[in-house]
Visitor: 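Can you read through this structure? Questions will come right after.
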Amino acid sequence: MATYTIKRGAGEPSRWKIDYRGELNEAQHRAATALEGPVLVVAGAGSGKTRTLTYRVARLVEGGVPSRSILLLTFTRRAASEMLRRAEGLLPGGELDSVTGGTFHSFSNMVLRRYGGLFGWPDTFTILDRSDSEDTLQLVRTRLGLDRKERRFPRKSTLATIFSTATNKGVPIADLVETDHPHLLDDVEDMLRCHEEYVSYKAEHGLLDYDDLLLSLRDRLVSSPEFVERLRSVYRYVMVDEYQDTNALQAEIVERMVGASGNVMAVGDDAQSIYGFRGADVGNMLRFPERFPGAKIITLEENYRSSQAILDLTNAVIEQATERYSKTLFTSRGPGPTPLLVPAPDERWQSLFVRQRLLELREEGVSLSDMAVLFRSSFHSFDLELELARSGVPFVKRGGFRFVETAHVKDVIAHLRVLDNPRDVVSWHRLLLLLEGVGPRAAEAIVAWLLEGGRGPGALADPPTGRLIRGRVADALRQLGVFFAGLDPGRHGPAELVQAVVDQYASTLERVHRDDAPKRARDLEQFVVLSERFKTLSDLLTDMALEPPNDSVGDTMAIDTTDDEQLTLSTVHSAKGLEWDAVFVISTLEGRFPSAYSVDDEEIEEERRLLYVACTRARNHLYLTYPTIVHDRALGPVPARVARFLEDVPDGLIEPVRLVEEGEDE
């Protein structure tokens with residue numbers, strides 16, 4: 001029988017409020033409208049993955065999926081908030097209010113608090129950040145007698161790194177030590193004892209570190225089919241951003257939550273997997289079709305950020321990768337200037353070139369704020385920082401301490417944490433040691449007294465007496481107890497509590513950090529402002545642990561300036577996801593980029609991806625520089641070789657530039 005197709009009339013209304021086909025390119029449209037089953041979106045740099053995810057959320061809701069059934073997992077809260085904000089712009093009216101969006105850790109925290117009663121979790125628990133975890137490990141080391149000076153047992157930071165890496169990679173501690181830390185093999189048995197005691201100590205005092213959040217959720221998904229079904233019934237559509245940065249635990253959580261044929265969309269770029277040191281495994285993305293049989297694979301290759309000349313170079317760099325999804329980035333923006341490769345006689349010449357060229361670009365109309373200097377490691381920019389300071393070029397440096405890792409902010413947070421969880425031994429030790437006359441032994445005795453009686457912070461108004469607790473120590477404890485007794489998290493809002501603690505801490509700040517107290521005080525003022533956005537103290541503390549602000553008010557500014565323009569100096573890791581009109585990538589030489597510590601093939605491949613990320617931050621101007629002579633402590637001046645990733649780039653994709661001094665014959 002013949003068929004006759006009725007065409008949709010031009011005046012016939014579409015069932016969609018949004019013109020998906022008109023507002024997305026072909027590949028983006030295929031991704032945004034692929035709603036059922038497993039889907040992998042390989043999104044090249046600058047190809048509009050955020051836009052694609054945003055439109056897919058809107059398409060799901062327009063198609064009748066309840067917004068509460070959608071889960072969006074990202075690696076920063078800001079990314080989730082931005083996607084949902086954009087989606088709400090497409091579908092205003094509150095249709096997306098119930099979408100759950102956040103990081104893996106914040107989602108795990110929410111699930112554990114919401115369903116924890118089913119598994120015997122305590123009503124309250126404190127989340128330890130990295131430095132808190134290290135302090136807890138130090139307490140455990142001391143308990144086990146592993147801190148004796150005559151024995152060089154691994155330090156707390158080394159233990160924290162090994163334990164966390166083993167957890168996130170899903171490998172036994174002993175195996176990790178054998179492969180990555182063979183010089184510590186003699187300490188493995190004691191390290192295992194230390195880890196066992198660490199786990200018990202956290203459970204005893206209501207403490208969870210970052211890894212525990214993921215482990216606990218994974219363990220519940222493994223042990224309870226009923227729990228799995230409950231989550232699957234709530235979250236029927238799961239979307240994961242930056243999938244190339246997931247570790248073994250996160251990938252397993254996704255797989256167990258949705259099942260092999262579930263509705264999961266993973267979006268990422270294998271060429272931008274640069275967090276192996278945190279346990280990220282690019283293999284999760286490369287093996288996605290194996291974990292989810294029948295998965296659709298959609299590739300986004302049209303770039304909206306960089307000129308074609310920059311893309312040609314980055315395509316050539318990543319094309320040499322040993323294992324990858326095949327894609328070739330292209331743009332309709334036009335060719336643009338050819339990237340420049342600038343060998344300099346030494347580091348000072350490299351700094352002179354960068355300083356002079358960025359000032360020339362500024363005269364040509366490019367704002368300093370739209371320029372960045374990127375480097376593999378923070379110390380690579382030291383010489384440049386001196387040159388910029390001498391020239392009065394205002395700049396800000398990224399990639400140092402985070403806001404909550406500064407001592408003064410951690411001191412204030414310790415006060416708040418014992419209000420929220422009086423069993424938080426780590427915070428008790430920190431704040432008690434701030435008191436004049438209180439040493440480790442006295443702090444230990446005070447904490448033991450508090451825990452034995454189940455006492456809250458206000459109990460210090462009537463402290464115990466003894467050889468270690470008398471005189472000025474007892475007086476200081478009484479004052480602290482009276483202060484705590486006047487604070488009630490149920491009656492006072494977070495901002496009131498933070499302000500009270502900051503005021504109480506002022507004299508300690510002046511005593512402990514006298515040289516830069518005003519700068520640190522500005523951080524604390526900012527902390528008070530930050531706290532105003534939270535409804536409860538627990539919300540504030542959870543946010544500070546899981547999504548802390550990145551920058552300290554006092555520490556990010558390298559030089560004081562009232563200029564509106566600031567050049568950005570940044571490690572490549574801290575620059576991921578950002579873009580500038582002009583980018584200088586400095587010290588692109590063997591031993592620095594790639595790092596001298598990258599020895600095996602897997603590490604070298606991650607260094608290649610790191611250079612790819614650095615170069616794809618640039619929109620129009622890209623400069624790769626390196627000194628041909630570097631100073632070695634042992635050998636003195638030694639010749640340097642350009643990074644291997646640039647040696648095999650085809651002719652014409654990068655233009656070499658020879659630096660000459662003014663007046664010198666070229």
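One is the number of the first residue; the rest follow in order along the sequence.
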Visitor: Does the side chain of L91 reach to within under 4.5 Å of the side chain of V61, using non-hydrogen atoms?
Guide: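 L91 vs V61: side chains touch.
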
Visitor: One pair to check against side chain to side chain contact (heavy atoms under 4.5 Å, CB included): F395 and T568. What are the steps and the verdict?
Guide: CA-CA 6 Å; F395 64 90; T568 295; over 6 Å; no

Visitor: When rounded to the nearest 0.5 angstrom, what is the spacing between OH in Y243 and CE in M285?
Guide: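 Taking OH in Y243 and CE in M285, the distance rounds to 9.5 Å.
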
Visitor: Between D212 (side chain) and D209 (backbone), is there a donor-acceptor pair under 3.5 Å?
Guide: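 Yes; judged by distance alone, with no hydrogens or angles, the pair exists.
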
Visitor: Heavy atoms only: give me the nearest A495-S531 pair and the separation to one decimal.
Guide: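 Where A495 meets S531 most closely, the heavy atoms are CA-OG, 3.2 Å.
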
Visitor: Any salt bridge between D269 and R324, counting N to O under 4.0 Å?
Guide: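 Salt bridge absent between D269 and R324.
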
Visitor: Measure from the side-chain N and O atoms of T542 to the backbone N and O of S538, and report whether any donor-acceptor pair falls under 3.5 Å.
Guide: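 Indeed, once roles are kept as given, a pair shorter than 3.5 Å links the two residues.
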
Visitor: From R68 CZ over to S98 OG, what is the distance, rounded to the nearest 0.5 angstrom?
Guide: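 If we round to the nearest 0.5 Å, R68:CZ and S98:OG are 7.0 Å apart.
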
Visitor: Has the side chain of E302 got a donor or acceptor atom that lies under 3.5 Å from a matching backbone atom of L329?
Guide: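 Between the backbone of L329 and the side chain of E302 there is no qualifying donor-acceptor contact (under 3.5 Å).
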
Visitor: Rounded to the nearest 0.5 Å, what separation is found between the CE atom of M371 and the CG atom of L361?
Guide: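 Going from CE on M371 over to CG on L361, the span is 5.5 Å.
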
Visitor: Classify the side-chain pair R417/N421 by whether it contains a donor and acceptor separated by less than 3.5 Å.
Guide: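 On atom types as modelled, these side chains do not qualify, holding no pair under 3.5 Å.
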
Visitor: Quick check: closest heavy atoms across A87 and T54, and the distance to 0.1 Å?
Guide: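 Smallest interatomic distance, heavy atoms only, reads N-CG2, 3.3 Å.
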
Visitor: Is a side-chain donor-acceptor pair under 3.5 Å present for N109 with S106?
Guide: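 Not at all, the side chains of S106 and N109 share no donor-acceptor pair under 3.5 Å.
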
Visitor: Does the side chain of L313 come within less than 4.5 Å of N315's, by heavy atoms?
Guide: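 A side-chain contact is absent here, since even the closest heavy-atom pair is not under 4.5 Å.
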
Visitor: Hey, are the side chains of L71 and Y237 touching, using non-hydrogen atoms and a 4.5 Å cut-off?
Guide: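 Not touching, per the 4.5 Å side-chain cut-off.
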
Visitor: Side-chain donor-acceptor pair under 3.5 Å between S164 and D211, yes or no?
Guide: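 D211 and S164 do have a side-chain donor-acceptor pair below 3.5 Å.
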
Visitor: Starting from the C-alpha separation in whole Å, work towards a yes-or-no answer on side chain to side chain contact (heavy atoms under 4.5 Å, CB included) for V264 and V39.
Guide: CA-CA 6 Å; V264 56; V39 182; over 6 Å; no

Visitor: Under 4.0 Å between a Lys/Arg side-chain N and an Asp/Glu carboxylate O for R619 and E579?
Guide: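 Salt bridge: yes.
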
Visitor: Which heavy-atom pair separates L497 from P489 by the least distance, and what is that distance?
Guide: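 Closest heavy-atom pair between L497 and P489: CD1-CA, 3.9 Å.
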
Visitor: Dump the intermediate steps for side chain to side chain contact (heavy atoms under 4.5 Å, CB included) on L84 and L96, then the final yes or no.
Guide: CA-CA 8 Å; L84 295 179; L96 302 173; 5.7 Å; no

Visitor: Taking atom CD as the centre, does E323 end up with more than 12 heavy-atom neighbours from other residues, nucleotides or ligands that are less than 6.0 angstrom away?
Guide: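 Open: at most 12 neighbouring heavy atoms sit under 6.0 Å from CD of E323.
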
Visitor: Mind checking whether N247 and K169 have side chains closer than 4.5 Å, heavy atoms only?
Guide: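 No, every pair of side-chain atoms sits at 4.5 Å or beyond.
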
Visitor: Taking all non-hydrogen atoms of both residues, which atom of Y612 and which atom of T314 are closest, and how far apart?
Guide: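 Between these two residues, the closest heavy atoms are CD1-O, 3.6 Å.
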
Visitor: What I'd like to find out is whether the side chain of V258 reaches to under 4.5 Å of the side chain of F292, using heavy atoms alone.
Guide: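 The answer is yes; the side chains approach within 4.5 Å.
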
Visitor: Establish, yes or no, whether a centroid distance under 6.0 Å links the rings of Y210 and H105.
Guide: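 Yes, ring centres under 6.0 Å apart.
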
Visitor: With ring pair (Phe, Tyr, Trp, His ring centres under 6.0 Å) as the test, would you mind laying out the steps for Y235 and F107 before giving the verdict?
Guide: CA-CA 12 Å; Y235 303 110; F107 175 69; 5.6 Å; yes

Visitor: Would you check if the side chain of R305 reaches a backbone N or O of T616 as a donor-acceptor pair within less than 3.5 Å?
Guide: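 Here the side-chain-to-backbone pair exists.
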
Visitor: Between Y304 and N25, is there a side-chain donor-acceptor contact under 3.5 Å, judged purely by atom types and distance?
Guide: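 Judged by distance alone, the side chains do pair up.
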
Visitor: Give, for atom CG of L624 and atom CG of L611, the distance between the pair rounded to the nearest 0.5 Å.
Guide: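 Here the rounded value is 6.5 Å.
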
Visitor: For residues K576 and I274, report the shortest heavy-atom separation together with the two atoms involved.
Guide: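 So the two residues come closest at CD-CD1, 3.7 Å.
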
Visitor: Look at E255 together with R218 and state whether they make a salt bridge at an N to O cut-off of under 4.0 Å.
Guide: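 Salt bridge: no.
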
Visitor: Would you mind checking if E605 and R609 are paired as a salt bridge, meaning a charged N to carboxylate O distance below 4.0 Å?
Guide: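 Here R609 does not pair with E605 in a salt bridge, since their nearest N and O are not under 4.0 Å apart.
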
Visitor: Looking only at side-chain N and O atoms, does T246 offer a donor or acceptor that is under 3.5 Å from a partner on N284?
Guide: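 Side-chain D/A pair, N284 to T246: present.
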
Visitor: In Å and rounded to the nearest 0.5 Å, what is the CG to OG1 distance from D241 to T50?
Guide: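 Rounded to the nearest 0.5 Å, the CG-OG1 separation comes to 6.0 Å.
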
Visitor: Is there a donor-acceptor contact under 3.5 Å linking the side chains of E26 and Q28?
Guide: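 There is no such pair (donor and acceptor under 3.5 Å, judged by atom type) between the side chains of E26 and Q28.
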
Visitor: If you draw the axis of the six-membered ring of F125, does the NZ or CZ of R113 fall within 45° of it and under 6.0 Å from the ring centre?
Guide: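 Here R113 passes the 6.0 Å and 45° test against F125.
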
Visitor: Are side-chain heavy atoms of P293 and E290 found at a separation under 4.5 Å?
Guide: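 Not touching, per the 4.5 Å side-chain cut-off.
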
Visitor: Treating R56 as the side-chain partner and L35 as the backbone partner, does any N or O pair qualify as donor plus acceptor under 3.5 Å?
Guide: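 Yes; judged by distance alone, with no hydrogens or angles, the pair exists.
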
Visitor: Quick check: does any side chain N or O of R51 sit under 3.5 Å from a backbone N or O of E23, one acting as donor and the other as acceptor?
Guide: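 Side chain of R51 to backbone of E23: a pair is present.
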
Visitor: Between T52 and A32 (side chain of the first, backbone of the second, donor and acceptor by atom type, cut-off under 3.5 Å), is there such a pair?
Guide: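 Side chain of T52 to backbone of A32, a donor-acceptor pair under 3.5 Å: no, none is there.
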
Visitor: If we only count heavy atoms from C-beta on, is the N303 to F330 side-chain gap below 4.5 Å?
Guide: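 With C-beta onward as the side chain, the pair stays apart.
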
Visitor: Can a donor-acceptor pair be found, under 3.5 Å and without considering hydrogens, that links the side chain of Q566 to the backbone of P394?
Guide: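 Side chain of Q566 to backbone of P394: no pair is present.
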
Visitor: Check the side chains of E565 and S367 for a donor-acceptor pair under 3.5 angstrom, ignoring hydrogens and angles.
Guide: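 Looking only at side-chain atoms, E565 and S367 do form a donor-acceptor pair, the distance falling under 3.5 Å.
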
Visitor: Considering the options W580, Y623, F584, which one meets the side-chain contact (heavy atoms from CB on, under 4.5 Å) requirement together with V373?
Guide: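 Among W580, Y623, F584, the one that satisfies the side-chain contact (heavy atoms from CB on, under 4.5 Å) with V373 is F584.
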
Visitor: Are F227 and L221 packed together at the side-chain level, in the sense that at least one heavy-atom pair is separated by less than 4.5 angstrom?
Guide: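 Touching, per the 4.5 Å side-chain cut-off.
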
Visitor: Should the heavy atoms of other residues, nucleotides or ligands under 6.0 Å from CD of E602 be counted, would the total exceed 12?
Guide: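 It does not: E602 CD has 12 such atoms or fewer within range.
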
Visitor: Is there a donor-acceptor contact under 3.5 Å from the side chain of S216 to the main chain of L213?
Guide: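 No: the side chain of S216 does not pair with the backbone of L213.
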
Visitor: In terms of side-chain geometry, is the basic nitrogen of R85 or E82 positioned less than 4.0 Å from the acidic oxygen of its partner?
Guide: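 The answer is yes: the pair qualifies as a salt bridge.
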
Visitor: As an exercise, state the distance from CZ of R256 to CG of L217, rounded to the nearest 0.5 Å.
Guide: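 Atom-to-atom, R256:CZ and L217:CG are 11.0 Å apart.
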
Visitor: Any donor and acceptor pair, going by atom type alone, linking the side chain of Q308 with main-chain N or O of T331 inside 3.5 Å?
Guide: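 Yes, Q308 side chain to T331 backbone: donor-acceptor pair under 3.5 Å.
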
Visitor: Looking only at non-hydrogen atoms, find the nearest pair between A309 and G336 and report the distance.
Guide: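 Shortest heavy-atom separation between A309 and G336 comes out as CB-O, 3.7 Å.
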
Visitor: Is R59 close enough and on-axis enough to W16, meaning under 6.0 Å and within 45°, for cation-pi?
Guide: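 Yes, R59 sits over the ring of W16.
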
Visitor: Between the side chains of Y275 and Q244, is a donor N or O closer than 3.5 angstrom to an acceptor N or O?
Guide: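 No - no donor-acceptor pair under 3.5 Å links their side chains.
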
Visitor: Verify side chain to side chain contact (heavy atoms under 4.5 Å, CB included) between L300 and V42, making sure each step is shown before the conclusion.
Guide: CA-CA 6 Å; L300 306 185; V42 182; over 6 Å; no

Visitor: Does this structure show an ion pair linking R287 with D281, if we count only N-O contacts that are shorter than 4.0 Å?
Guide: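 Salt bridge present between R287 and D281.
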
